[in-house]
S.K.: 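Shown below is the structure under consideration.
Keep in mind that the numbers below use all heavy atoms, side chains included, and drop hydrogens, waters and symmetry copies. Model, not experiment: these values are computed from the prediction. Start at 1 and go down the list; that is how both ligands and their atoms are numbered.
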Amino acid sequence: MKMWSGRFRQPLDPAFESWQRSFDFDCRLLECELEASAAHARALQQCGIVSGDELGAILHGLEQIGESVAAAPEFRDDPDAEDIHHFVEKQLVELIGDAGYKLHSGRSRNEQIATDLRLYVRSGCDEIGEAISNLIAAFLNRAEQAGEAAMPAYTHMQRAEPVLVAHWLLAYVEMLFRDAGRLNDCRKRCNVSPLGSGAVTGSTLPLDRELMADELGFDVPTANSIDATSDRDFAIEFVNGLSLLAIHLSRWAEEMLLFSTQEYGFVQLPEAYSTGSSAMPQKMNGDLLELVRGKAGRVIGDATALQITAKGLPLAYNKDLQETQEPLFHATETVLSLLPLVAGWMESVQFDFEHMQKAAETGYMNAFAAATYLVRKGVPFRMAHEHTGKAVRLALDQKCELQDLSLAQLQAIAPQFADDFYDFVKLGNVLAIHDVPGGTAPARVHQAIAAARQKAGALQQEAHAHA
Ligand code: ARG
């Protein structure tokens with residue numbers, strides 16, 4: 001039987017009826033729905049609406065529904081179920097009879113969907129948080145393996161200064177830490193219980209809201225029933241967090257694609273994560289990277305869809321809110337599926353350290369250090385910049401590097417140049433003088449790896465605490 005029909009004289013238009021259903025996608029919420037329904041059932045028994053026996057039957061019935069769907073997913077192919085809430089009610093009544101209809105006493109689908117989605121987002125935060133942790137570990141392993149290998153760092157896509165490969169990899173680790181942090185923050189605000197909010201103004205039965213919240217692992221019950229049943233800001237916050245993560249991964253993918261070209265030649269695409277061309281036999285394409293970059297667009301689209309759905313809604317529940325589900329599910333499933341693949345790619349990619357090192361030694365990337373050399377000799381930086389620029393110009397004309405110029409040539413530009421200049425602009429020294437916290441001096445990078453390892457450990461512990 002329908003969850004509503006008494007006041008209707010005409011049947012629904014069949015096309016409209018099937019069109020407005022959400023069961024095809026909200027069936028993902030089955031577990032959340034069963035858990036939340038069990039908490040509600042216990043509260044009903046406490047206030048005398050269902051007997052101890054009825055409660056036992058309801059709880060057992062809910063469990064059986066979960067088991068049946070787990071054993072045979074097609075069990076949930078129910079063309080008559082309007083949504084997940086209707087599906088569970090129908091199944092329950094089939095299993096235990098009319099006592100099943102008592103479960104809906106004092107509650108509304110509006111609070112149920114708000115509760116189910118909060119449970120869904122909370123577990124999304126946890127699962128994605130764990131996948132980010134694993135990816136961070138993959139980056140950290142590669143950073144450690146890179147030792148003191150160097151490569152060019154780019155600004156404006158032009159060679160800028162040499163940098164440790166490990167330092168470059170740690171840049172991605174920092175982005176991922178912030179992405180994980182955003183999900184942890186989101187989880188805190190999301191973790192409140194709408195149960196007992198009713199359709200809009202609160203339940204008409206004296207349900208113990210604290211107890212229900214507690215049973216579901218929520219921190220507290222929500223403070224306002226109108227807000228609780230009508231806002232989806234937790235989903236928007238979550239999917240926005242995912243879109244930032246997707247943006248970071250898309251930037252990573254783009255850089256890896258560039259670095260894997262023959263023009264850069266810094267990384268060799270792992271065969272296990274690449275594909276070939278049906279036409280050009282020599283080709284190997286970085287499809288994983290391109291799809292990560294492409295899927296980021298759709299996750300950003302999900303975030304935008306959620307925002308636009310919410311922005312024009314008056315209080316309180318409106319059916320438009322049903323439209324927030326698919327973008328939420330899509331973003332969650334997309335990110336969950338790509339994170340382990342990105343980790344696998346990172347673990348198997350080969351860096352051409354020799355090539356990277358060579359690239360780090362040419363292209364006047366020691367010019368900033370050369371100017372610093374003059375600064376340390378007392379030359380004001382603006383003049384030091386000019387002198388070094390002139391030296392670069394001369395080297396360009398002579399098709400050589402700065403260190404290939406003779407001392408006489410250098411001193412003709414600035415008398416402060418001396419013999420120790422040549423050691424100062426060697427790659428090892430250029431790296432070493434970036435000796436500030438967060439800089440690429442090898443000692444600082446070792447510290448940074450250790451600090452990141454610690455932070456990653458703390459992140460993992462937090463994840464275990466939630467498990
Ligand atoms: N399927 C609905 C949704 O996802 C559940 C809530 C329906 N509430 C209502 N008053 N029709 O939003």
S.K.: Before we go on, tell me: are the rings of Trp168 and Phe259 under 6.0 Å apart, centre to centre?
M.R.: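 Under 6.0 Å, so yes.
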
S.K.: Does a donor on one side chain and an acceptor on the other come within less than 3.5 Å for His104 and Arg107?
M.R.: yes

S.K.: Can you report which non-hydrogen protein atom sits closest to atom 4 (O) of ligand 1, along with the distance?
M.R.: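 Result for atom 4 (O) of ligand 1: Gln325 NE2, 2.6 Å.
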
S.K.: Please report whether ligand 1 has a polar contact with Lys319, defined as an N or O pair separated by less than 3.5 Å (distance criterion only).
M.R.: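 So ligand 1 has no N or O lying under 3.5 Å from an N or O of Lys319.
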
S.K.: Which atoms form the tightest heavy-atom contact between Tyr264 and Leu258, and what is the distance?
M.R.: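 Closest approach of Tyr264 to Leu258, heavy atoms only: CD1-O, 3.1 Å.
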
S.K.: Tell me: protein heavy atom nearest atom 10 (N) of ligand 1, and distance?
M.R.: Asn110 OD1, 3.1 Å

S.K.: Please determine, by modelled atom types, if Arg142 and Gln145 share a side-chain donor-acceptor pair under 3.5 angstrom.
M.R.: yes

S.K.: Relative to the heavy atoms of Asp83, which atoms of ligand 1 are at a distance of less than 4.0 Å?
M.R.: 1 (N), 2 (C), 5 (C)

S.K.: Between Thr222 and Arg209, do the side chains contain an N or O donor and an N or O acceptor separated by less than 3.5 Å?
M.R.: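 Judged by distance alone, the side chains do pair up.
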
S.K.: Can you tell me which residue and heavy atom of the protein come closest to atom 6 (C) of ligand 1, and the distance to 0.1 Å?
M.R.: Tyr317 OH, 3.4 Å

S.K.: Starting from atom 1 (N) of ligand 1, locate the nearest protein heavy atom and write down its residue, its atom name and how far away it is, to 0.1 Å.
M.R.: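 I find the closest protein heavy atom is Gln322 OE1, 2.9 Å.
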
S.K.: Less than 4.0 angstrom from a charged side-chain N to a carboxylate O is my criterion; do Arg187 and Glu462 meet it?
M.R.: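 The answer is no: the pair does not qualify as a salt bridge.
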
S.K.: Apply side-chain contact (heavy atoms from CB on, under 4.5 Å) to residues Leu321 and Arg232 and explain how you reach the verdict.
M.R.: CA-CA 8 Å; Leu321 290 174; Arg232 295 290 181 270; 3.7 Å; yes

S.K.: Show the atoms of ligand 1 that are less than 4.0 angstrom away from any heavy atom in Ser22.
M.R.: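 Close to Ser22: 1 (N).
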
S.K.: Would you say His85 contacts ligand 1, with heavy atoms under 4.0 Å as the rule?
M.R.: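 Yes; His85 lies near enough to ligand 1 that a heavy-atom distance drops under 4.0 Å.
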
S.K.: What is the closest protein heavy atom to atom 11 (N) of ligand 1, and at what distance does it sit?
M.R.: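 The protein heavy atom lying closest is Arg109 NH2, 3.5 Å.
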
